[in-house]
Amino acid sequence: MIVDCHAHIEDEAFGEGVAAVMERAREAGVEIVINPGYDVRSSLIAAENAATHRGLYAMAGIHPHDAAGVGDDELEEISKILSMPRVVGIGEIGLDYYRDFSPRDEQVRVFRAQLELAKASGCPVQIHSRDANLETFNILKEYAQDLPAIVLHCYSGSAEMAADLIKLGFFISLGGPVTYRNARKPVEVARDVPLDRLLVETDSPYLPPSPHRGERNEPAYVVEVVRKIADIKGVPVEEVAQATSMNAMEVFSISPEG
Ligand code: NI
């Protein structure tokens, strides 16, 4: 079995409905899917879907793109969603200095506020970082001792940086980019990071793995990520599937029954 630890299947790109997406995932051996939010609305939809679909879990969080102007009301809403059944943590949160859709000081403010919320509620977090690794990781280091787990979603940093972050107890999640023909850094990360620190994801509907590039991504395709990591490490596919699933279930306190 495989766990896709990061898929936005509440997205309108999945017009056929969550049940169909989950059914295709199960047929591909992907028994568990975790759907993070990026604002209050998406977090709430993800939580409502998780409550009614076997194998589906949700996370609540405000993405750095949506950080501008977020106040106590929104953070309170996120906190409420966090207490709903099958909501397993806070995500996706972090910093994005590539697009800069929100002012950077706002991104940092909302990121820190949600890390404080995670600390207060004792829940794991999923982190988005783009062109902001140093600042993201410096902030996270302050929380390394205080949070049950920190997962770096679609990790894009170097293998050296990954080694440092693992020492702090962080988990690394890899997605479609590791399968791309010109991939270099994610391949080195897949090679060097031990299996007990790796998770896999699709980031659906974005970042489809090879050979699905150009298509809408979906959780069933996470199989390609698992295959590629197994190939890079020279271990059986089942070993990668099992290790990454166990890590995800442990980090997010999910039972194997889904
Ligand atoms: Ni995402």
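Values reported hereafter were calculated over all heavy atoms of this structure, with side chains retained and with hydrogens, waters and symmetry mates removed. Bear in mind that the values here come from a model prediction, so they are computed numbers and not experimental data. Just so you know, ligand 1 is whichever comes first in the structure, and atom 1 is the first atom listed for that ligand.
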CD/E250: more than 12 non-hydrogen atoms of other groups inside 6.0 Å: no
Salt-bridge criterion met for R24 and E27 (N-O under 4.0 Å): no
Test: E135 and R104 ion pair at under 4.0 Å: no
2.8 Å shell around the Ni ion (ligand 1), exclusive bound, protein N/O/S atoms: 4
Lys/Arg N to Asp/Glu carboxylate O, R99 vs D96, below 4.0 Å: no
Pair R184 + E188, salt bridge at N-O below 4.0 Å: yes
Apart from Y180 itself, residues in the same hydrophobic cluster as defined by side-chain heavy atoms under 4.5 Å: Y206, L207
